[in-house]
Amino acid sequence: MSRKKLAAAITAMLAMSIFTGCGDESQKADDKTTFTYGTVAYGVAMENAGTNPHESYSGWSTIRYGIGETLFKFNEKMELESWIAESFEQVDDYTIKIKIKDNVVFSNGKKVDGAAVKACLDDLLAKHDRAPRDLKISSITADGQSITIKSSEKVPALLNYLSDPYGCIIDVEAGENDRIVIGTGPYKAVKVTDTQIDLVKNENYWDEVKPKMDKVIIKSITDGDTLTMAMQNGELDAVQGLPYSSLELFQKDSGKFKLSQTDTSRIYQAAFNYKTPELQDLNVRKAISMAIDKQNFTKILLNGNGTPAVGPFPANLSFGDNEVNTVPYDLEGAKALLQESGWTDTDGDGYVDKNGKNLELRYLTYTSRQELPLLAESAQANLKKIGIKLDVNATDNYKTFLKSGEYDIFSKAIVTAPTGDPEYYFTSHIVPGAVDNAGFYDSPEIVQLEEQLHNTFGAANRSAIAIKMSQQVLDDCALFYASHLRMSFVMKPNVEGFTAHPSDYYEIRSELEKK
């Protein structure tokens with residue numbers, strides 16, 4: 001049997017093993033009361049295998065799958081709009097008053113008032129790792145349908161941060177049972193595992209547009225071939241995260257399927273570990289950055305489903321790629337930089353060396369986002385051309401290696417502007433001591449600029465500072481940015497109200513239906 005035929009046979013067996021034994025669930029893709037959704041973006045590796053927004057990144061599941069809602073939300077231009085909140089008043093630079101809509105209730109029927117929102121936010125601040133750093137809240141008081149939030153310092157982007165998935169308002173008095181929390185969304189969870197979430201219609205949903213589906217099944221399917229086959233065979237109503245080679249199949253067969261696509265601020269980036277002696281040399285970091293062929297990566301490996309990146313933010317944002325610059329793709333220039341730092345191939349083995357040691361680096365990434373292994377493959381081939389050996393470790397157990405420090409370059413996917421504001425990215429990934437500063441990058445210039453950004457009101461003024469910060473990161477070659485993602489949903493033609501959003505949120509909404 002040829003390798004291709006063997007691979008196809010194994011894929012078929014995998015698909016059968018996943019869907020055999022699902023009973024009636026696998027038959028309900030044609031049932032107009034049940035929506036079955038396959039996605040690569042849910043699971044333990046994504047740190048969102050649950051529905052409690054106060055734990056790690058589980059808030060992404062809460063908001064994506066219609067379980068919870070935030071005080072404010074983002075429109076298609078990533079501008080803030082009211083959601084659970086009716087209005088707000090900026091009392092002073094440190095104080096904001098938010099009024100809650102009078103008709104909002106949790107899925108258990110309990111009214112959402114100021115006291116319930118306060119209890120939720122207090123719990124968030126006590127348990128979450130990123131929220132306290134972002135929000136800087138010193139006190140919250142409740143009065144009827146209003147809450148007043150005082151911050152310990154100026155937080156111009158406070159409402160943006162509260163619109164992060166961790167800001168989903170849940171009934172903390174009801175607690176968490178078997179990973180299930182009580183939210184305000186159009187659907188409520190009835191079963192949550194590492195690989196699946198079962199949802200049912202929220203009969204108490206407060207908004208005018210009521211949920212149309214009786215049941216929604218979210219399936220985690222991380223194998224791209226299995227996901228493709230399941231969609232082709234009618235096992236699923238919609239999918240997210242198809243391999244790009246498979247996406248073409250559905251684009252060509254427009255009569256049986258339809259697509260929803262949008263550009264997002266999800267970036268594929270790689271951080272240089274400043275604890276690695278070789279990477280403390282700017283010439284080495286710059287040479288690696290110059291050797292990454294972003295055009296080829298997005299055009300060939302991503303099949304055009306991305307845009308070559310300059311910095312962390314896409315060009316459609318006022319502080320995005322159009323405002324910054326980085327080193328060009330230049331293999332000969334990269335080789336010259338390495339030689340300038342004493343790295344040459346003295347033994348003719350194809351790799352540069354110094355003091356009898358090859359320049360060999362450990363590249364860590366994970367597999368749950370299909371683009372990351374492709375980027376690793378591309379980087380490995382690119383760096384070989386300039387004499388750097390890259391040992392790739394692509395594992396969904398990557399946190400173990402991060403914790404132990406067993407890596408020199410860490411590549412990940414991150415939504416850089418989930419709050420529509422640039423500060424989120426810098427405080428979570430760039431400033432010294434940030435939770436996700438995997439490279440241990442420590443720049444005095446960044447610290448100074450972040451202090452300015454944190455105390456500056458007004459979108460235009462904040463954008464100007466963010467541009468300077470992005471440029472500083474690029475000048476230091478602290479990270480390299482490969483591509484911005486274009487998100488694609490594939491669905492059956494009878495599916496309505498299922499639309500890709502630039503924030504990467506709001507997937508399962510009350511508008512969802514099967515006609």
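Just so it is clear, the structure is predicted and the values come from calculations on it, not from any experiment.
- Environment of NZ in K299: sparse, with no more than 12 heavy atoms of neighbouring residues, nucleotides or ligands closer than 6.0 Å.
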Can you give the donor-acceptor pairs under 3.5 Å from side chains of residues 115-122 to other protein atoms, not counting sequence neighbours?
{"from": "K118", "atom 1": "NZ", "to": "D122", "atom 2": "OD2", "distance (Å)": "2.9"}
{"from": "K118", "atom 1": "NZ", "to": "I140", "atom 2": "O", "distance (Å)": "3.0"}

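- No side-chain N or O of Y481 forms a donor-acceptor pair with one of D321 less than 3.5 Å apart.
- Across Q196 and Y42, no two heavy atoms sit closer than the pair N-CE2, 3.8 Å.
- Taking CD of E507 as the reference point, atom OH of Y65 lies at 5.5 Å (rounded to 0.5 Å).
- Of the N and O atoms on the side chains of N303 and E248, at least one donor lies less than 3.5 Å from an acceptor on the other residue.
- Side-chain rings of W60 and Y505 approach one another, their centers coming within less than 6.0 Å.
- Atom CD of E511 has more than 12 heavy atoms from other residues, nucleotides or ligands within 6.0 Å.
- One finds a salt bridge joining E86 and K99 here, because a Lys/Arg side-chain nitrogen approaches an Asp/Glu carboxylate oxygen to under 4.0 Å.
- Considering only heavy atoms from C-beta on, V435 stays 4.5 Å or farther from S428 through its side chain.
- In this structure, D129 places its CG atom where more than 12 heavy-atom neighbours from other residues, nucleotides or ligands lie under 6.0 Å away.
- Between T367 and L372 the shortest side-chain heavy-atom distance does not fall below 4.5 Å.
- Looking only at side-chain heavy atoms (C-beta outward), N305 and L247 come within less than 4.5 Å of each other.
- Each of R509, K514, K515, K258 was checked for a salt bridge (Lys or Arg N to Asp or Glu O under 4.0 Å) with E496, and the lone residue meeting it is K258.
- Judged purely by atom type and a 3.5 angstrom limit, N177 has no side-chain atom pairing as donor or acceptor with the backbone of I180.
- Without hydrogens or angle criteria, H501 side chain to F74 main chain gives a donor-acceptor distance under 3.5 Å.
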Determine, stepwise, if the pair T400 / N397 fulfils side chain to side chain donor-acceptor pair (under 3.5 Å). CA-CA 6 Å; T400 299; N397 189 34; 2.9 Å; yes
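- At least one donor-acceptor pair closer than 3.5 Å links the side chain of N202 to the backbone N or O of G185.
- Between D263 and P502, the closest side-chain pair of non-hydrogen atoms is not below 4.5 Å.
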Apply side-chain contact (heavy atoms from CB on, under 4.5 Å) to the pair Y425 and V415, showing each step before the final yes or no. CA-CA 8 Å; Y425 176 69; V415 175; over 6 Å; no
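- For K101, the NZ atom counts as densely surrounded, since its 6.0 Å shell holds more than 12 non-hydrogen atoms of other residues, nucleotides or ligands.
- Counting only N and O atoms by type, the side chains of T33 and D31 include a donor and acceptor under 3.5 Å apart.
- More than 12 heavy-atom neighbours from other residues, nucleotides or ligands sit within 6.0 angstrom of CD on E76.
- Ionic pairing of R64 and D504 is present here: one or more N-O contacts between side-chain nitrogen and carboxylate oxygen are shorter than 4.0 angstrom.
- The heavy-atom pair separating I67 from S61 by the smallest distance is CD1-O, 4.2 Å.
- We find the OG-CG distance between S411 and L375 to be 4.5 Å, quoted to the nearest 0.5 Å.
- Between F313 and S470, the shortest heavy-atom contact is CE1-OG, 3.6 Å.
- The closest side-chain heavy-atom distance from V473 to I430 is below 4.5 Å.
- With hydrogens and angles disregarded, a donor-acceptor distance shorter than 3.5 Å links the side chain of K111 to the backbone of D102.
- The closest donor-acceptor contact from the side chain of K188 to the backbone of L199 lies at 3.5 Å or more, if one exists at all.
- Looking at E176 and N52, their side chains do bring a donor and an acceptor atom within 3.5 Å of each other.
- Note on residues 44-55: pairs passing salt bridge (Lys or Arg N to Asp or Glu O under 4.0 Å), not counting sequence neighbours, are E47-K399.
- Formation of a donor-acceptor pair under 3.5 Å by the N48 side chain with backbone atoms of G43 is found in this model.
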Check against side-chain contact (heavy atoms from CB on, under 4.5 Å), T262 and R486: CA-CA 6 Å; T262 188; R486 178 177 301 148; over 6 Å; no
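- Looking only at side-chain heavy atoms (C-beta outward), R462 and P156 come within less than 4.5 Å of each other.
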Residues M487, Q261; criterion side-chain contact (heavy atoms from CB on, under 4.5 Å); working and verdict: CA-CA 5 Å; M487 175 172 286; Q261 297 179 303; over 6 Å; no
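- Residues N437 and H429 bring no donor and acceptor atom of their side chains to less than 3.5 Å of each other.
- Side-chain contact, S163 with N160: no donor N or O sits under 3.5 Å from an acceptor N or O.
- Taking every heavy atom of both residues into account, S265 and P418 meet most closely at OG-N, 4.5 Å.
- Heavy atoms from other residues, nucleotides or ligands lying under 6.0 Å from NZ of K97 number 12 at most.
- Salt-bridge annotation for D194 and R179: present, with a side-chain N of the basic residue lying under 4.0 Å from a carboxylate O of the acidic one.
- Side-chain contact between V155 and L135 is absent, with no heavy atoms from C-beta onward closer than 4.5 Å.
- The nearest pair of heavy atoms linking L485 to R369 is CD2-NH2, 3.6 Å.
- Using a 3.5 Å distance cut-off with no hydrogens or angles, the side chains of E69 and W206 do pair a donor with an acceptor.
- Between the side chain of T184 and the backbone N or O of V105, no donor-acceptor pair lies under 3.5 Å.
- Between the side chain of T226 and the backbone N or O of T222 there is no donor-acceptor pair closer than 3.5 Å.
- Residues Y424 and Y161 form a side-chain contact, since some pair of their non-hydrogen atoms from C-beta on lies under 4.5 Å apart.
- Using cut-offs of 30° and 60° for the angle between ring planes, the F489 and F498 rings count as parallel.
- Shortest non-hydrogen contact noted between F88 and I96 is CD1-CD1, 3.7 Å.
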Please step through side chain to side chain donor-acceptor pair (under 3.5 Å) for the pair Y166 and D134, ending with a clear verdict. CA-CA 11 Å; Y166 63 53; D134 294 340; 2.8 Å; yes
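- For the residue pair S146 / D143, no side-chain donor-acceptor distance below 3.5 Å is found, with atom types taken as modelled.
- Listed for the Y187 side chain is a donor-acceptor partner under 3.5 Å among the backbone atoms of M213.
- Side chains of S152 and S138: a donor-acceptor N/O pair is absent below 3.5 angstrom, by distance only.
- At least one donor-acceptor pair under 3.5 Å links the side chain of N204 to the backbone N or O of S107.
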Side chain to side chain donor-acceptor pair (under 3.5 Å) between Q370 and Y244, intermediate numbers included: CA-CA 9 Å; Q370 61 172 316; Y244 296 121; 4.5 Å; no
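- Between the side chains of T419 and D164, not a single donor N or O lies within less than 3.5 Å of an accepting N or O.
- For the pair R130 and Y57, the cation-pi test (distance below 6.0 Å, angle within 45°) is passed.
- Atom OG1 of T195 and atom NZ of K219 lie 8.0 Å apart (nearest 0.5 Å).
- Atom-to-atom distance recorded for K492:NZ and F250:CZ is 11.0 Å, nearest 0.5 angstrom.
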